[in-house]
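Worksheet: one structure, shown below.
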Amino acid sequence: MTKSENAELSIIIVSYNTRELTLKCLETLYQNTKHTNFEVILWDNDSHDGSADAVAAAYPQVKLVRCEENLGFAKANNLAAENVSSEWLLLLNPDTETHPGAIDNLLEFSKKHPEAGITGGRTVFPDGSLNIASCWMKITPWSMFCHAFGLTAIFPNSPLFNTEAIGGWKRDTVRKVDIVSGCFFMLKTDLWREFGGFNLKYVMYGEEADLCLRAQKEGYQPMITPDAQIMHLVGASTKNRADKTVLVSKARISLIKDHWSSVSAPIGLLLFFCWITVRKFAALLTFKKQSQWHEVWKQKTSWLKGY
């Protein structure tokens, strides 16, 4: 069911130079959603690859917004959601492919679990293997210690030493989590507006973590269901590893500053600095002159400030 009149669910997709991926995203979305009356709002962030024209030609039913500048993920979603009148809202990345029943099942799950506030599903890579990035647990002093001193890398499948990635969990059971990925992110429209959408200080990365943590402070507990599965490539719009690491670092620093106590935040910032430092010197010791960590280190005055 795809009638947009009186839609129960509005699906927002923010695209930037992902023409073919976006078309495939829309194809699988319409093909595999059978029972939900939904509308699609496609916000194009000034793509230069013909994305907007291609979507307009292939899917005239999509509410297409051609933005004349790249506003980033957070601001684009906030603006796209301003005129939504449906009860439910779903943020969906353009580098995803919806599996059969994913949207229908996630909406049904969300209705059954109002205590979650924010819900998501299971993500896989194109070959069907698990993509753990559908959800995370929050950053803690322990998780930062494990990252800084390599315990997370040594024991990636350990729920003790890799707490943020919930090491070892296949995302194959219903579970309460701290953070639902913004690639597949459902909540009631009223709740989105209650929280004011994304905090625009998070230019890229961290915006969904911040919103989920704010929701938890109000008594909600985000959840994941394995019955809603999509394929997600991850990072289709960000190619440079060093640039991505800098942006992620800024986001993590900001999350520590915004959501940790005044006592624990300085400890977190020190551990984060140790994490980058260890990797910088490891690259030196292994003579990896082209390592991303050299470039990340050069930009330390930038990411240490956060957003």
[atom2] on [Y] to [atom1] on [X], rounded to 0.5 Å:
| X | Y | atom1 | atom2 | value |
| --- | --- | --- | --- | --- |
| Met137 | Arg175 | CE | CZ | 7.0 Å |
| Asn32 | Glu27 | CG | CD | 9.0 Å |
| Cys212 | Leu187 | SG | CG | 9.0 Å |
| Thr22 | Tyr16 | OG1 | OH | 13.0 Å |
| Asp46 | Asn70 | CG | CG | 7.0 Å |
| Trp293 | Arg241 | CH2 | CZ | 8.0 Å |

>> Show every side chain to side chain donor-acceptor pair (under 3.5 Å) that has at least one partner inside residues 184-197, sequence neighbours left out.
In response: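 Qualifying pairs, neighbours excluded: Glu87-Lys188.
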> Which pairs with one or both residues in residues 115-125 pass side chain to side chain donor-acceptor pair (under 3.5 Å), sequence neighbours excluded?
Replying inline: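 Output for this query lists Ser110-Thr119, His113-Glu115, Arg122-Gln229.
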Taking all non-hydrogen atoms of both residues, which atom of [X] and which atom of [Y] are closest, and how far apart?
| X | Y | answer |
| --- | --- | --- |
| Ile13 | Asn93 | CG2-C, 4.3 Å |
| Ala165 | Ile132 | CB-CD1, 3.8 Å |
| Glu39 | Ser10 | OE2-OG, 2.5 Å |
| Leu64 | Ala52 | CD2-O, 3.4 Å |
| His232 | Thr96 | CD2-CG2, 3.7 Å |
| Ala228 | Leu106 | CB-CB, 3.7 Å |

Got a donor-acceptor contact below 3.5 angstrom from the [X] side chain to the [Y] backbone?
| X | Y | result |
| --- | --- | --- |
| Asn105 | Asp227 | yes |
| Ser51 | Arg19 | yes |
| Asn131 | Phe125 | no |
| Arg171 | Trp169 | yes |
| Ser158 | Leu160 | yes |
| Arg214 | Phe195 | yes |

Just wondering, do [Y] and [X] contact through their side chains at under 4.5 Å, heavy atoms?
| X | Y | result |
| --- | --- | --- |
| Val174 | Met223 | yes |
| Glu208 | Ile179 | yes |
| Ser143 | Trp136 | no |
| Val124 | Ser129 | no |
| Glu207 | Asn199 | no |
| Tyr30 | Gln61 | yes |
| Met231 | Lys24 | no |
| Ile139 | Phe272 | no |

>> Less than 6.0 angstrom separating the ring centers of Trp275 and Phe281, yes or no?
In response: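 They do not qualify: ring centres at least 6.0 Å apart.
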With a 4.5 Å cut-off on side-chain heavy-atom distances among I, L, V, M, F, W and Y, is there a chain of contacts connecting [X] to [Y]?
| X | Y | answer |
| --- | --- | --- |
| Leu107 | Phe185 | no |
| Tyr205 | Leu71 | no |
| Ile12 | Met186 | no |
| Met144 | Leu213 | yes |
| Trp43 | Val40 | no |

>> With no hydrogens and no angle check, just 3.5 Å: does a side-chain donor-acceptor pair link Asn162 and Thr152?
In response: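 Distance-only check fails for Asn162 and Thr152.
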> Between Thr18 and Ser15, does any side-chain donor sit less than 3.5 Å from a side-chain acceptor?
Replying inline: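 Distance-only check fails for Thr18 and Ser15.
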> Are the charged groups of Lys111 and Glu108 less than 4.0 angstrom apart, N to O?
Replying inline: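 Result for this pair is no, no salt bridge flagged.
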> Under 4.0 Å between a Lys/Arg side-chain N and an Asp/Glu carboxylate O for Lys201 and Asp258?
Replying inline: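 Looking at Lys201 and Asp258, the cut-off is met.
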> In terms of the angle between their ring planes, are Trp142 and Phe161 parallel, tilted or perpendicular, with boundaries placed at 30° and 60°?
Replying inline: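 Trp142 and Phe161: tilted rings.
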> Aromatic rings Tyr202 and Tyr307: how do their planes relate, parallel, tilted or perpendicular, breaks at 30° and 60°?
Replying inline: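 Because their plane-to-plane angle is over 60°, the rings of Tyr202 and Tyr307 count as perpendicular.
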>> Could you walk me through whether Thr98 and Leu92 satisfy the side chain to side chain contact (heavy atoms under 4.5 Å, CB included) test, starting with their C-alpha distance in whole Å, then the side-chain angles of each, then the deciding distance to 0.1 Å, before giving a yes or no?
In response: CA-CA 10 Å; Thr98 303; Leu92 185 67; 4.3 Å; yes
>> More than 12 heavy atoms of other residues, nucleotides or ligands under 6.0 Å from NZ of Lys257: yes or no?
In response: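 More than 12 within 6.0 Å, yes.
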>> Could you go through Lys217 and His259, starting from their C-alpha distance and side-chain angles, then the distance that decides it, and tell me whether this counts as side chain to side chain contact (heavy atoms under 4.5 Å, CB included)?
In response: CA-CA 10 Å; Lys217 289 177 182 177; His259 295 283; 3.1 Å; yes
> Please walk me through it: do Arg66 and Asp44 pass side chain to side chain contact (heavy atoms under 4.5 Å, CB included)?
Replying inline: CA-CA 5 Å; Arg66 299 171 184 259; Asp44 185 76; 5.5 Å; no
> Could you go step by step and tell me if Leu29 and Phe38 meet the side chain to side chain contact (heavy atoms under 4.5 Å, CB included) rule?
Replying inline: CA-CA 10 Å; Leu29 175 60; Phe38 69 94; 4.1 Å; yes
